[in-house]
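In what follows, chains carry the letters A, B, and so on, assigned in the order in which the sequence lines appear, proteins first and then strands, with residues in each chain numbered from 1. Below, each value reflects all heavy atoms present in this structure, side chains not excepted, and no hydrogens, waters or symmetry copies.
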Number of protein chains: 2
Amino acid sequence: MPRTADHDARRRQIAAAVVGVVAADGFDAATVARVAAEAGVSVGLVQHYFASKDELLLFAYQQVTGDIGDRVAQLIADGDARRQPISVVVAASLAELLPLDERRRGEYRVARAFLGRALDNPSLASVARATAADLRGRLSAAVTNGKECGEVAPGVDAELAATRLAALVDGLGDQLYLEPQRRVGSRDLPAVARRTLGEALAETFTGECRHYR
Amino acid sequence: MPRTADHDARRRQIAAAVVGVVAADGFDAATVARVAAEAGVSVGLVQHYFASKDELLLFAYQQVTGDIGDRVAQLIADGDARRQPISVVVAASLAELLPLDERRRGEYRVARAFLGRALDNPSLASVARATAADLRGRLSAAVTNGKECGEVAPGVDAELAATRLAALVDGLGDQLYLEPQRRVGSRDLPAVARRTLGEALAETFTGECRHYR
DNA sequence: TCCATAGCCATATAGTCGTACGGTTTTGGG
DNA sequence: CCCAAAACCGTACGACTATATGGCTATGGA
């Protein structure tokens, strides 16, 4: 066998370069040549690892959404380990998705850029659908768990609540991204977003966990 | 003076062609040549009326958001004329913004496509900001009017409620666009979206108008 | 009637992009 | 040691694109 390389690592490296370029200069700046330069490799190497630019973009998008999902999963695991109430864990998870600081703002920009292209790219659209379904699944599971432990009233429809929370965090994210400095009455928008999410959660998580108090 | 033409009408005609192309085949399909063909004019004429492609896209975006705004204003005027409760008028206005049929779906697609490009185009971003502010302004005014006539409790913060409603309709629109066929429990997503919006409105518009009953 | 000028068009131009292609370099196994 | 095959590179090609340019056409006013 000839010389070997870590195939997956190279693909991730190149995908990371895509994300870097999109975050820095927007989706249109993510040309193959620019991505190769950002990754410190040649155009030929990018072609060696990705059959087409579309495949590259798809992989990069999956990478981004996967990374975000992993961080949310980590937040949930941490919250569970610390035996925090479900509503608190969910609040932290949703806040992670909002563009509240430069890091999350960059990530949001990338995610939204891909979502915009998903409008006319079926492959990207299916990733977007899967990502959204994943978030709603986690939220739905959280509500269901809440019903079991007493934080949520028995009659609540978990899927409905999840859909509503997902929509709210989505819309708040858009507003935060577009006008991070906006003021709403005496508060700034980030505070309003947190508060609004908190209120929405309080409407669903109305009780206390009976397992530990 | 030489021959004359209706300058504004021509610009609107070309802008309408942009919208048609974006709705049909996505933002990337909106090349100058394609837009000219769609409008039934030459490339040169497009250049005659727009100094650059960016200016054309900006004008088209303003056209789209303006049209939507006009329709919402019309719905509000109609509702007022029929002396409908504010909550009903607001519900109809927000539903108009959701991709609930093919017409609104096409419009949503166009609006979202422009919003996606606004991520790295300051001119488009400012239109997006103005559009969002306009919607929130209308919602805020509706809540304030509601407080005056008794549909809304006195303590409610109109701007806060408007921000929340705008976020919700935005997020619901995204979900509807991406998965119009999705089922949530026993209902389909369009029904769930209407219901969710209705519930959110019911939380703000808790009373009845004391002026006419 | 005439012509300046806006309306309108076809084509040329300069540049960018994705990808194809031919090449060199490296290295694991025989 | 050797060599096949993978890793990797630079460049050329073909397809588009936005825009510049020059010219033709029609008409309102003098």
Quiz item: Do A:Thr163 and B:Arg182 come close enough that some side-chain heavy atom pair is under 4.5 Å?
Solution: yes
Quiz prompt | Working for side chain to side chain contact (heavy atoms under 4.5 Å, CB included), residues B:Arg11 and B:Gln63 | solution = CA-CA 10 Å; B:Arg11 281 172 67 95; B:Gln63 195 81 355; over 6 Å; no
Practice problem: Ignoring the backbone of A:Pro2, work out which of D:dC8, D:dA6, D:dT19 is nearest its side chain. | Solution: D:dA6
Quiz item: Can a donor-acceptor pair under 3.5 Å be found between the side-chain atoms of B:Gln47 and the base atoms of D:dA18?
Solution: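 Absent.
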Quiz item: Could one point to a donor on the side chain of A:Arg3 or the base of D:dA6 with an acceptor on the other under 3.5 Å away?
Solution: no
What integer distance in Å separates [X]:[atom1] from [N]:[atom2]?
X	N	atom1	atom2	value
B:Asp6	C:dC8	CG	C1'	16 Å
A:His48	C:dT24	NE2	P	18 Å
B:Leu57	D:dT19	CG	P	9 Å
B:Leu45	D:dC24	CG	C1'	14 Å
A:Ile14	C:dG18	CD1	C1'	15 Å

Quiz item: Do the side-chain N and O atoms of B:Gln74 and B:Asp70 include a donor-acceptor pair separated by under 3.5 angstrom?
Solution: no
Quiz item: With a 4.0 Å cut-off on heavy atoms, is A:Phe50 in touch with a base, just the backbone sugar-phosphate, or nothing at all?
Solution: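 Since no nucleic acid heavy atom lies under 4.0 Å of A:Phe50, the category is nothing.
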